[in-house]
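A quick note: this is a predicted structure, and the numbers were derived from the prediction, not measured. Whatever order the structure lists them in is the order used to number ligands and atoms, beginning at 1.
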Amino acid sequence: MSKVAEYDAIAFGCPAMGAEVLEEGEFDPMFTEVEGSLSGKKIGLFGSYGWGDGQWMRDWEDRCNTAGANLIMDGVMANNAPDDDAITECKGLGKALC
Ligand SMILES: Cc1cc2nc3c(=O)[nH]c(=O)nc-3n(C[C@H](O)[C@H](O)[C@H](O)COP(=O)(O)O)c2cc1C
């Protein structure tokens, strides 16, 4: 049984990679394995990106919604390194998961 079953609330973080996709070597295989177990759980997403417009995050949110997850807020996106706003949003995400 996956560890996911032990938790009611989980934050996942992953940057945009490839062409507007989740990192494909480790993160996407892990997420694909657990997404079927996210129904009803409080889920928060965060990640950084470079030159895109956030498509990877919208697609990721769609996957969570399709899985029946309870997305607590829009995914927090940081352009490369998090600025003060992104740090504040991350703190809000952490609080919302509690
Ligand atoms: C191989 C590769 C692919 C990337 N693909 C995208 C992309 O499709 N869209 C985007 O906005 N940024 C893309 N980026 C930029 C990264 O998302 C950005 O640099 C991010 O902050 C990296 O996070 P990390 O330092 O945690 O790995 C890519 C970067 C690399 C190295």
>> List the protein residues in contact with ligand 1, where contact means a heavy-atom separation under 4.0 angstrom.
In response: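 Contacting ligand 1 under 4.0 Å are Pro15, Ala16, Met17, Gly18, Ala19, Glu20, Ser48, Tyr49, Gly50, Trp51, Gly52, Asn80.
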
> Who pairs with Asp83 by side chain to side chain contact (heavy atoms under 4.5 Å, CB included), at least two apart in sequence or on another chain?
Replying inline: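 For Asp83 the side chain to side chain contact (heavy atoms under 4.5 Å, CB included) partners, ignoring immediate neighbours, are Asp85, Ala86.
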
> Who else is in Met73's hydrophobic cluster (ILVMFWY, side-chain heavy atoms under 4.5 Å, direct or via others)?
Replying inline: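 Hydrophobic cluster check, Met73: joined to Phe46, Ile72, Val76, Leu93, Leu97.
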
> Tell me, do Asp53 and Arg58 make a side-chain contact under 4.5 Å, heavy atoms counted?
Replying inline: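 In short, these two side chains touch, coming nearer than 4.5 Å.
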
>> Does any part of the side chain of Phe31, heavy atoms only, come nearer than 4.5 Å to the side chain of Cys64, both counted from C-beta?
In response: yes

N/O donor to acceptor pairs below 3.5 angstrom from side-chain atoms of residues 8-23, sequence neighbours left out:
| unit_1 | atom_1 | unit_2 | atom_2 | d |
| --- | --- | --- | --- | --- |
| Glu20 | OE1 | Gln55 | N | 3.3 |
| Glu20 | OE1 | Trp56 | N | 3.1 |
| Glu23 | OE1 | Glu26 | N | 2.9 |
| Glu23 | OE1 | Phe27 | N | 2.8 |
| Glu23 | OE2 | Gly25 | N | 2.7 |
| Glu23 | OE2 | Glu26 | N | 3.4 |

> Where the side chain of Asn79 meets the backbone of Tyr49, is there a donor-acceptor pair that is under 3.5 Å apart?
Replying inline: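 Side chain of Asn79 to backbone of Tyr49: a pair is present.
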
